[in-house]
Amino acid sequence: MSACLLWFRRDLRLSDNPALTAALARGTPVIPVYIHDPEAERPWTPGAASRSWLHHSLTALAADLAVRGSCLIVRRGPALDTLQALIGETGANAVLWNRLYEPALVARDTRIKAALKRDGIEAGSHNAALWCEPWQIATGSGAPFKVFTPFWRALATRLPDAPIQPAPERIPAPREWPAGLSIDELALRPQLAWDQGFYAIWQPGEAGALARLASFIDDGLHGYRDARDRPAEGGVSRLSPHLHFGEIGPRQVLRAVQRARAGGEVPERDAEHFLRELGWREFAHHLLHHFPETPDAPLNPGFAAMPWRAVRDHEAELRAWQRGRTGIPIVDAGMRELWATGWMHNRVRMIVASLLTKNLLIPWQHGARWFWDALVDADLANNTLGWQWVAGCGADAAPYFRIFNPVLQSRKFDATGRYIRRWVPELADLSDAAIHAPWTLGADAPRGYPPPIVDLGASRQRALDAYARMRAAG
DNA sequence: TCTCTGTTCGC
DNA sequence: CGAACAGAG
């Protein structure tokens, strides 16, 4: 009897899922499968925080499938071998999935599709993750975009308009289910439960994603343009991990914003600024597709000559940055928020990344690696774009060498020090005037909090000099 | 999605 | 003397 394997990867939802829609349209039983195959993602195997989230997301998906008379079959091993084994066991004659965009996974999926077709198996891939496929958008001369603003203008002409499918009420089951592992057997959670704190603020899974979107549209979108920059406020959507795992799709987010905008509940400027953030996500995938080397190498080749400091000589500085012990309050607050919650506010991501790459002159790849392990929303496209942007070697390079001043940023975006007080409690008693730069208190600076790891003025000049030397060499 | 400096303006 | 602004990198 014929059946269809529905291969879940990072599209862990039942609404707005084109592969699921296609599977149902075939009218045969559907066998949902998740295959744990981290080796295929080398060198970017999922980090520890991301694996923790995945555990919870798979658990939610399995429950959502069970309610619909279905079942998530969990396996481990090379994806093609596992799919072929399942085909043998179930007699399935089709495999459907939604696309991923990481270079290593694109290569794997291409091989799998060819192998399945050679065996006479229908193999179909769909778009669940993007407004617009990276290869469907180009400059006037047919080249990929490297600057955000023109990319955004082009994207606006190609927004999706197909209707969004709701989650089905039932999913037809096979007469017999193949064997599978329990989610626990994948050992995705850390041995020491350092991720416990994460789930006080996060609800992985489709229901959590939809609830987050709804509450953001209701009371976060209004005033978003300004509130999004203040890390002490809940002024951002916090949808990033849900989007990364496909617990919600960008089309669903777009549709919800458009509805709120049309209803007049939300000022145009706030809707526009939020949609631009989704535009940056699309841009990141566009760049990763067209420049697959960029997770490791600068997009701007001139940066090969950038005299970064060798990290092996400065392990202690990297370690202090990772642990939130740089002595610069806004930076330490961000790094500790990351450690405690698996997430960091985007404004603060830019500040901590600028300190590492500019003031400490440590290569951006080391920061990207740390984020990769610590973020629940770790995403190769977004992480690469963000780090290259801050380092100055990526797309949308400014005509100047951008160096954030963490004290000014802190005064501007955390004026009352609420964010710092929350994550750096040893500074909680300082005045609003002193909390952004406690070393200015001299002998009165709080004990137990380190002095700044670098002189911000001198290290700024050092970075500018390094940049000038790079340009002279190029 | 920036910072620094110098200038001007208002108090 | 600080706020506001322009220009440069």
Side-chain angles (χ1 to χ4, degrees), chain A residues 145-153 155 220-221 223-233 235-240 269-284 286-287 299-300 302-303 306 328 330-331 334 344-361 364 367 371 377 381-415 419 432-433 436-437 452 454-474:
Chain A
F145 284 96
K146 285 181 161 188
V147 180
F148 176 73
T149 303
F151 172 84
W152 176 239
R153 274 198 291 268
L155 184 65
L221 194 49
Y224 175 79
R225 187 189 58 177
D226 299 321
R228 75 191 175 120
D229 269 325
R230 293 194 289 269
E233 292 173 34
V236 293
S237 75
R238 291 181 173 261
L239 284 171
S240 53
R269 60 158 196 279
D270 293 321
E272 170 72 12
H273 274 266
F274 178 62
L275 291 180
R276 278 175 76 95
E277 295 305 307
L278 287 169
W280 278 98
R281 179 179 175 276
E282 299 280 323
F283 187 44
H286 180 80
L287 290 171
L299 178 64
N300 177 345
F303 269 76
M306 180 70 182
I328 296 154
I330 190 72
V331 172
M344 193 194 304
H345 189 282
N346 187 247
R347 168 59 52 182
V348 189
R349 292 189 198 199
M350 294 190 281
I351 299 170
V352 304
S354 175
L355 186 92
L356 186 77
T357 58
K358 303 292 170 67
N359 296 280
L360 296 179
L361 220 52
W364 58 273
F371 271 29
D377 65 24
N382 293 334
N383 202 44
T384 300
L385 172 108
W387 277 96
Q388 291 221 25
W389 182 86
V390 171
C393 58
D396 218 34
Y400 48 86
F401 197 54
R402 180 188 280 114
I403 302 174
F404 284 64
N405 180 327
V407 176
L408 292 184
Q409 290 276 313
S410 189
R411 288 199 182 115
K412 188 167 174 192
F413 297 118
D414 188 34
Y419 180 75
D432 291 5
H436 308 287
V454 277
D455 179 286
L456 294 175
S459 59
R460 174 177 199 278
Q461 193 54 53
R462 179 177 65 182
L464 287 169
D465 294 344
Y467 180 66
R469 252 184 299 149
M470 176 197 94
R471 308 228 6 185

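Keep in mind that what you see is a predicted model, and the values were worked out from it rather than measured. Chain letters run A, B, ... following the sequence lines, proteins first and then strands; every chain starts at 1.
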task = Please collect all side-chain hydrogen bond (donor to acceptor under 3.5 Å, both in side chains) contacts where either partner lies in residues 465-474 of chain A, sequence neighbours excluded, each pair once.
result =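 Of all non-adjacent pairs touching residues 465-474 of chain A, those that pass side-chain hydrogen bond (donor to acceptor under 3.5 Å, both in side chains) are Gln461(A)-Asp465(A), Tyr467(A)-Arg471(A).
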
message = The criterion is ring pair (Phe, Tyr, Trp, His ring centres under 6.0 Å); which residues satisfy it with Phe274(A), sequence neighbours excluded?
response =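 Here the qualifying residues are Phe216(A), Tyr224(A).
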
ask   = Looking across every strand, which nucleic acid part, if any, lies under 4.0 Å from Leu464(A) by heavy atom: base, sugar-phosphate, or nothing?
value =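 Nothing: the residue Leu464(A), judged by heavy atoms under 4.0 Å, touches no strand.
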
query = Reading DNA chain B 5' to 3', which nucleotide is the first, and which the last, to come under 4.0 Å of any heavy atom in chain A?
reply = dT1(B) to dC4(B)

List the residues meeting side chain to side chain donor-acceptor pair (under 3.5 Å) with [X], not counting sequence neighbours, and say none if there are none.
X	result
Thr357(A)	none
His436(A)	Ser410(A)
Asp432(A)	Arg421(A)

What's touching nucleotides 1-3 of chain C from the protein side, N or O pairs under 3.5 Å?
none

query = Quick check, are the ring centers of Phe283(A) and Trp152(A) under 6.0 angstrom apart?
reply = no

Apply salt bridge (charged side-chain N to carboxylate O under 4.0 Å, His left out) to [X] and list each qualifying residue two or more places apart in sequence or on a separate chain.
X	answer
Arg230(A)	Glu233(A)
Arg411(A)	none
Asp270(A)	none
Glu272(A)	none

inquiry  = Among residues 269-280 of chain A, which ones have heavy-atom contacts with DNA chain B below 4.0 Å?
reply    = Glu277(A), Trp280(A)

